[in-house]
2 protein chains.
Amino acid sequence: MALRPGDQIVHKAAWLYYTHGLRQDEIARRLEISRASVAMYLRKARETGIVTIAASTELFASDVLARKLEDRFGLDGVWIADGSAFPDPEAEIPSLAASVFLSMVGSGQRVGVAWGRTVYAIADAMTFADLKDVTVVQLCGNLGAPYSYRPDQCTMEIARRLNAKGLNFYAPLILSTEALATALRAEPVIREQLAGVGECDMALFSVGFADEDAHVVKCGAVTAAELRALRRQGAVGVIAGQMIDADGAPLDCEYNRRCISADLTDFRAIPKRLMVVQEEAKLEPLRAALAGRFATHLVLSRTIAQALIDSPAGQAG
Amino acid sequence: MALRPGDQIVHKAAWLYYTHGLRQDEIARRLEISRASVAMYLRKARETGIVTIAASTELFASDVLARKLEDRFGLDGVWIADGSAFPDPEAEIPSLAASVFLSMVGSGQRVGVAWGRTVYAIADAMTFADLKDVTVVQLCGNLGAPYSYRPDQCTMEIARRLNAKGLNFYAPLILSTEALATALRAEPVIREQLAGVGECDMALFSVGFADEDAHVVKCGAVTAAELRALRRQGAVGVIAGQMIDADGAPLDCEYNRRCISADLTDFRAIPKRLMVVQEEAKLEPLRAALAGRFATHLVLSRTIAQALIDSPAGQAG
DNA sequence: CAATCGTCCTGAATAATGTCAGCCAGGAGG
DNA sequence: CCTCCTGGCTGACATTATTCAGGACGATTG
């Protein structure tokens with residue numbers, strides 16, 4: 001808590017520049033250092049979250065299509081990335097999602113984080129912030145080692161950016177037998193962590209494919225054949241590692257019972273649940289997730305948003 | 001909610017510049033406008049809170065003296081302005097307080113605001129922010145017309161800066177008889193507003209002098225003679241227009257009963273209560289306010305903080 | 001104790017940004 | 001139909017910020 005002496009001057013420069021609007025040369029004079037150092041300190045201040053710069057996401061929320069989606073699916077907020085703020089379309093959804101996320105978290109909160117390529121990209125696009133007393137908890141177990149978007153990495157990276165405490169989950173996502181999964185869930189450390197899900201103020205997650213491209217397949221937790229079987233049983237999407245059917249109900253299957261992850265009923269009790277969908281092809285899982293009312297807030301691309309509106313009303317909303 | 005077409009381009013420019021880090025000339029090229037316009041839009045975006053720039057207040061909180069005050073008076077946060085971030089010592093406390101305040105409010109919250117020179121100065125120093133669903137409520141009745149720091153002005157100004165809804169109090173602060181005050185308190189509009197105090201998530205206030213310099217005297221609500229009498233009865237400070245004694249208890253006096261303002265017990269039920277003390281001479285009222293546990297968070301100058309530590313332990317902490 | 005390394009700093013050149021007088025289009029009023 | 005006015009935009013220029021090669025200083029090591 002006590003500032004390192006080297007950081008003090010960074011804070012001071014940042015304060016004078018951003019709060020009082022002094023010019024860099026004035027600051028240099030007052031602090032008796034060179035102008036170049038001031039510029040350097042200011043960059044450091046921005047990079048470490050000593051100063052926070054946030055642009056409004058209003059642009060993406062103020063849109064008829066967004067309003068329609070809110071009404072149709074009973075969502076509290078929808079943001080649509082349409083590539084009109086172009087640079088690098090790949091980066092747009094993650095950085096929009098990161099901004100929306102940051103505008104939703106506040107000091108003192110507890111946020112649950114799932115995992116996946118999308119969540120990792122969001123973590124990566126997130127600016128550093130200087131929040132107080134924030135806890136980031138991992139919503140599901142871990143994948144085997146040599147996989148790049150590991151759940152614990154998502155959690156830790158977001159925690160780092162928010163200047164928050166990260167709570168990792170010390171269990172694999174998928175176990176080989178139901179019995180082992182049950183036993184592990186009963187372990188105090190794990191039970192506590194699972195119970196903690198209900199205390200989150202918000203959640204950040206995406207929805208995954210339930211097909212051969214699913215992360216759980218790619219990382220070897222499930223074979224392609226097993227997944228095809230699950231699909232025949234009705235799996236259409238994956239939320240926090242668990243299979244859901246087209247109505248958004250957790251699939252009653254052996255796979256889900258082998259899975260160590262947030263209970264989806266507890267999950268739905270979290271007041272704010274931000275879902276981010278990046279891939280154009282995820283219409284089916286997305287519809288399932290919405291039918292299951294997993295999200296209260298949604299970030300997606302214009303094309304998939306349009307597809308959602310065009311698709312038949314079905315069981316949702 | 002639907003952006004005015006003229007604002008859309010401002011949002012877009014702000015997004016590209018601050019979120020994606022493009023240069024102004026790139027943005028100009030993409031948006032097919034001149035670079036000068038981009039610079040102008042960006043200024044507008046900063047001025048209207050489309051982009052928010054906040055510097056950490058850590059510098060002022062990380063200090064042994066602040067820690068000591070927290071321990072001694074059981075406060076959740078203390079910030080000390082010591083003039084080391086110099087420009088214009090007059091402006092330092094208000095802008096620090098404004099930054100602290102902004103870091104404490106979040107979207108969806110309800111904040112109560114008292115009044116006074118200090119609160120007005122804070123409102124004035126506050127940057128514009130782009131919060132959602134915030135309500136700013138006035139904590140006490142209004143003063144007579146031709147006075148410059150009117151409670152309703154404080155409320156409305158802060159509401160304006162936060163992009164929030166302001167709820168004014170349609171009653172005078174002081175009435176001429178107890179009977180009238182009682183009758184007025186029973187009016188539905190007023191009763192509702194008074195009841196609303198308990199629902200606030202945070203409060204912003206200062207503590208006033210209980211002497212001839214008090215605002216209530218200057219603005220003519222109370223005569224100097226009346227105030228001397230109150231002082232003899234034990235009044236040492238003023239919180240939201242009401243007299244408190246050295247122990248921080250509301251003074252049981254006719255004046256307080258004529259006063260339309262937040263019930264101080266309800267007030268203390270607000271979870272976060274930020275008190276700001278600007279004047280060096282306010283040691284006595286400050287001690288009273290702390291003894292009464294009105295504040296959970298405190299912003300003050302180094303000299304008065306030091307005086308507080310040096311003063312005998314008394315009944316506080 | 002000198003050599004080596006790393007860190008933090010600076011001056012000067014380069015790049016980016018802020019400003020302002022003036023221009024243009026469109027609306028109101030004569 | 002012209003004139004004036006307003007608001008929004010621009011080009012050119014002045015100001016301000018960033019960068020980077022190199023220098024100073026202190027710590028570490030052989």
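Chain identifiers are assigned alphabetically (A, B, ...) following the order of the sequence lines, protein sequences preceding nucleic acid strands; residue numbering begins at 1 within each chain. Because the structure is predicted, anything quoted here is derived from the model rather than measured.
- Rounded to an integer number of Å, the gap from A:Leu31 CG to C:dC8 P is 17 Å.
- Atom CG of B:Asp25 is separated from atom C1' of C:dA15 by 10 Å (rounded to the nearest Å).
- D:dC20 atom P lies 9 Å from atom CZ of A:Arg43, rounded to whole Å.
- Qualifying ring pair (Phe, Tyr, Trp, His ring centres under 6.0 Å) partners for A:Phe101, counting only residues two or more places apart in sequence or in other chains: none.
- Near-neighbour residues of DNA chain C inside residues 33-40 of chain B, defined by a heavy atom below 4.0 Å, number-ordered: B:Arg35, B:Ala36, B:Ala39.
- Residues forming a ring pair (Phe, Tyr, Trp, His ring centres under 6.0 Å) with B:Phe169 (at least two apart in sequence, or on another chain): none.
- Between A:Gln24 and D:dT15 there is no side-chain N or O to OP1 or OP2 distance below 4.0 Å.
- Contacts of A:Asp76 classified as side-chain contact (heavy atoms from CB on, under 4.5 Å), with partners at least two apart in sequence or in another chain: A:Thr296, A:His297.
- Rounded to whole Å, atom C1' of C:dA16 lies 16 Å from atom CZ of A:Arg23.
- A:Arg29 meets the side-chain hydrogen bond (donor to acceptor under 3.5 Å, both in side chains) test with no other residue; sequence neighbours excluded.
- As a whole-Å value, the separation of B:Glu47 CD from C:dG18 P is 12 Å.
- Summarising the geometry of B:Trp15 relative to A:Ser95, their closest heavy-atom pair is CH2-O, 3.9 Å, with the distance given to 0.1 Å.
- Look at NZ on A:Lys44: it is 20 Å from P on D:dA17, rounded to the nearest Å.
- Here side chain to side chain donor-acceptor pair (under 3.5 Å) pairs that include residues 31-40 of chain B, with residues two or more places apart or in two chains, are B:Ser34-B:Ser37.
- Rounded to whole Å, atom C1' of C:dA16 lies 14 Å from atom CG of B:Leu22.
- Straight-line distance from the CG atom of A:Leu42 to the P atom of C:dT17: 15 Å, rounded to whole Å.
- Listed pair A:Tyr41 / C:dC9 meets the phosphate criterion, a side-chain N or O lying under 4.0 Å from OP1 or OP2.
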